[in-house]
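Just so you know, residue 1 is the first one in the sequence shown, and it goes up from there.
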Amino acid sequence: VFELDVRGLLSVQDRCRSREGLIIKDFMEGGADMENPYSDILDIKPSDCTPAQESLKKALIQLLSGNKLQDISIKELCLYSFTARSTFYAYYNNIDEILEDVENDMIFKLAGLNRKLMDNHVKYKEDMGFYSETISLIEDNKPVFYTLLIANPDQRFIDKWKRAMKYHFWERIKPSGRMKNTELILEITASAAVGAYSFWLTHPYEVDVGDAYRILSGVLKTIDEIG
């Protein structure tokens with residue numbers, strides 16, 4: 001887990017958890033209509049990067065595959081990316097801002113694929129093309145996903161990905177006030193999905209993708225039945 005600016009990261013996470021906890025508490029005590037407590041994920045937008053910024057992001061992922069974030073210096077990153085320090089400071093204040101750009105670029109793409117989860121008319125094995133689309137996205141960006149999930153796990157990225165899935169699962173089931181353990185159910189589901197994709201990254205030849213799709217489809221069916 002990255003340790004840079006931990007207090008700031010925790011404060012953001014705490015605010016998100018506090019907000020969703022209050023929304024769910026109010027809902028359980030009263031109304032049938034409920035704001036999606038994960039809607040803050042919609043604020044994430046992809047970065048509009050110059051070639052220099054793309055070089056910095058690519059170099060950072062390469063360096064992170066073998067180094068902790070706090071051990072990478074701006075000087076080293078600039079040398080590795082063939083970028084002038086003045087150019088670095090024209091766009092960023094610190095290296096963590098580059099990492100957040102990388103995270104948000106991937107989350108925006110993942111959230112776009114996950115929109116299909118909101119349609120409860122999409123049914124399991126027959127129409128779950130978004131599983132293969134997610135696998136394709138991970139394949140196309142394997143250095144990024146392998147680094148952020150396996151080589152140097154980035155909890156902030158993982159939490160954002162899970163929140164994106166929770167948002168779309170929430171929109172799919174529109175939980176009623178009678179639904180218990182909503183947060184727990186969505187946390188288990190999102191964690192299972194991230195865990196499955198992480199396992200596939202490290203064991204690509206040991207996973208029958210068709211079976212994995214069927215398992216994930218079964219999880220989705222269970223959520224529909226509970227909701």
Side-chain angles (χ1 to χ4, degrees), residues 1-20 37-115 133-134 136-168 190 194 197-198 201-202:
V1 177
F2 295 125
E3 298 177 359
L4 187 66
D5 195 20
V6 171
R7 287 179 297 179
L9 174 58
L10 288 177
S11 65
V12 171
Q13 292 175 332
D14 289 343
R15 286 197 298 272
C16 290
R17 289 171 183 149
S18 176
R19 175 178 178 273
E20 68 194 51
Y38 309 103
S39 58
D40 59 288
I41 204 69
L42 300 179
D43 296 334
I44 290 180
K45 306 297 180 186
S47 55
D48 186 12
C49 289
T50 65
Q53 287 173 286
E54 288 295 342
S55 294
L56 286 165
K57 290 194 291 186
K58 184 177 179 179
L60 178 59
I61 289 300
Q62 291 173 336
L63 288 169
L64 281 173
S65 65
N67 302 276
K68 294 293 184 183
L69 183 66
Q70 63 268 26
D71 295 332
I72 300 172
S73 68
I74 292 174
K75 179 180 179 180
E76 181 182 19
L77 180 61
C78 288
L79 287 172
Y80 208 83
S81 62
F82 302 101
T83 304
R85 286 172 65 95
S86 59
T87 302
F88 174 94
Y89 284 112
Y91 299 110
Y92 301 107
N93 293 309
N94 54 60
I95 294 176
D96 190 55
E97 290 182 358
I98 302 177
L99 177 59
E100 191 155 21
D101 268 0
V102 174
E103 295 168 2
N104 290 347
D105 287 347
M106 290 299 104
I107 294 300
F108 185 80
K109 292 176 182 178
L110 287 163
L113 296 179
N114 287 347
R115 286 194 191 98
E133 291 170 0
T134 301
S136 295
L137 178 64
I138 294 173
E139 279 275 20
D140 292 343
N141 299 273
K142 186 173 283 186
V144 175
F145 281 93
Y146 190 88
T147 297
L148 300 187
L149 294 177
I150 310 299
N152 209 336
D154 177 358
Q155 192 61 46
R156 183 174 62 193
F157 171 71
I158 293 169
D159 287 344
K160 288 178 184 176
W161 191 0
K162 290 197 298 184
R163 286 188 72 79
M165 284 189 279
K166 290 176 184 179
Y167 172 82
H168 291 100
V194 173
Y197 290 125
S198 298
L201 272 172
T202 54

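- Heavy-atom minimum distance, L77 versus L56: CD1-O, 3.8 Å.
- You'll find the side chain of K57 stays beyond 4.5 Å of the side chain of V144, heavy atoms only.
- F88 and T83 make their closest contact through N-CG2, 4.3 Å (heavy atoms, listed as atom of the first residue, atom of the second, distance).
- Closest approach of S55 and S81 over heavy atoms only: O-CB, 3.5 Å.
- Contact check for Y91 versus I98: no side-chain heavy atoms found under the 4.5 Å cut-off.
- At least one side-chain heavy atom of L149 sits under 4.5 Å from a side-chain heavy atom of F157.
- The closest side-chain heavy-atom distance from I74 to Y89 is below 4.5 Å.
- When the shell of 6.0 Å around CG of D71 is examined, it contains more than 12 heavy atoms from other residues, nucleotides or ligands.
- Note on R156 versus D96: salt bridge recorded, some NZ/NE/NH1/NH2 to OD/OE distance being below 4.0 Å.
- Rounded to the nearest 0.5 Å, atoms NZ (K109) and CD1 (I44) are 14.0 Å apart.
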For the pair N104 and E100, evaluate side-chain hydrogen bond (donor to acceptor under 3.5 Å, both in side chains) and give the outcome as yes or no after the intermediate values.
CA-CA 6 Å; N104 290 347; E100 191 155 21; 4.5 Å; no

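- How far CG of D159 is from NZ of K162: 5.5 Å, rounded to the nearest 0.5 Å.
- E133 contributes atom CD, which lies 11.5 Å from atom CG of L110 (distance to the nearest 0.5 angstrom).
- Between W161 and Y197, the ring-plane angle classifies as parallel under the 30° and 60° cut-offs.
- Residue Y80 holds its OH atom at 10.0 Å from NZ of K58, rounded to the nearest 0.5 Å.
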Trace of the side-chain contact (heavy atoms from CB on, under 4.5 Å) decision for Y146 with I138
CA-CA 9 Å; Y146 190 88; I138 294 173; over 6 Å; no

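- Annotation for A52 and T87: closest pair CB-CG2, 3.8 Å, computed over non-hydrogen atoms.
- For the salt bridge (Lys or Arg N to Asp or Glu O under 4.0 Å) condition, the pairs that include at least one residue of residues 141-150, sequence neighbours left out, are E139-K142.
- At a threshold of 4.5 Å between non-hydrogen side-chain atoms, the residues D154 and L69 do not count as touching.
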Run the side-chain contact (heavy atoms from CB on, under 4.5 Å) check on R163 and I107 step by step: do they pass?
CA-CA 10 Å; R163 286 188 72 79; I107 294 300; over 6 Å; no

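- The closest side-chain heavy-atom distance from F145 to I150 is not below 4.5 Å.
- Separating the CD1 atom in I41 from the NZ atom in K166 is a distance of 10.5 Å, to the nearest 0.5 Å.
- Rounded to the nearest 0.5 angstrom, N67 CG and Q62 CD are separated by 11.5 Å.
- Contact between E54 and C49 at its shortest, heavy atoms only, is OE2-CB, 3.4 Å.
- Here the closest non-hydrogen pair linking A111 and A164 is CB-CB, 4.4 Å.
- Within the 3.5 Å criterion, the main-chain N or O of L64 finds a donor-acceptor partner in the side chain of N152.
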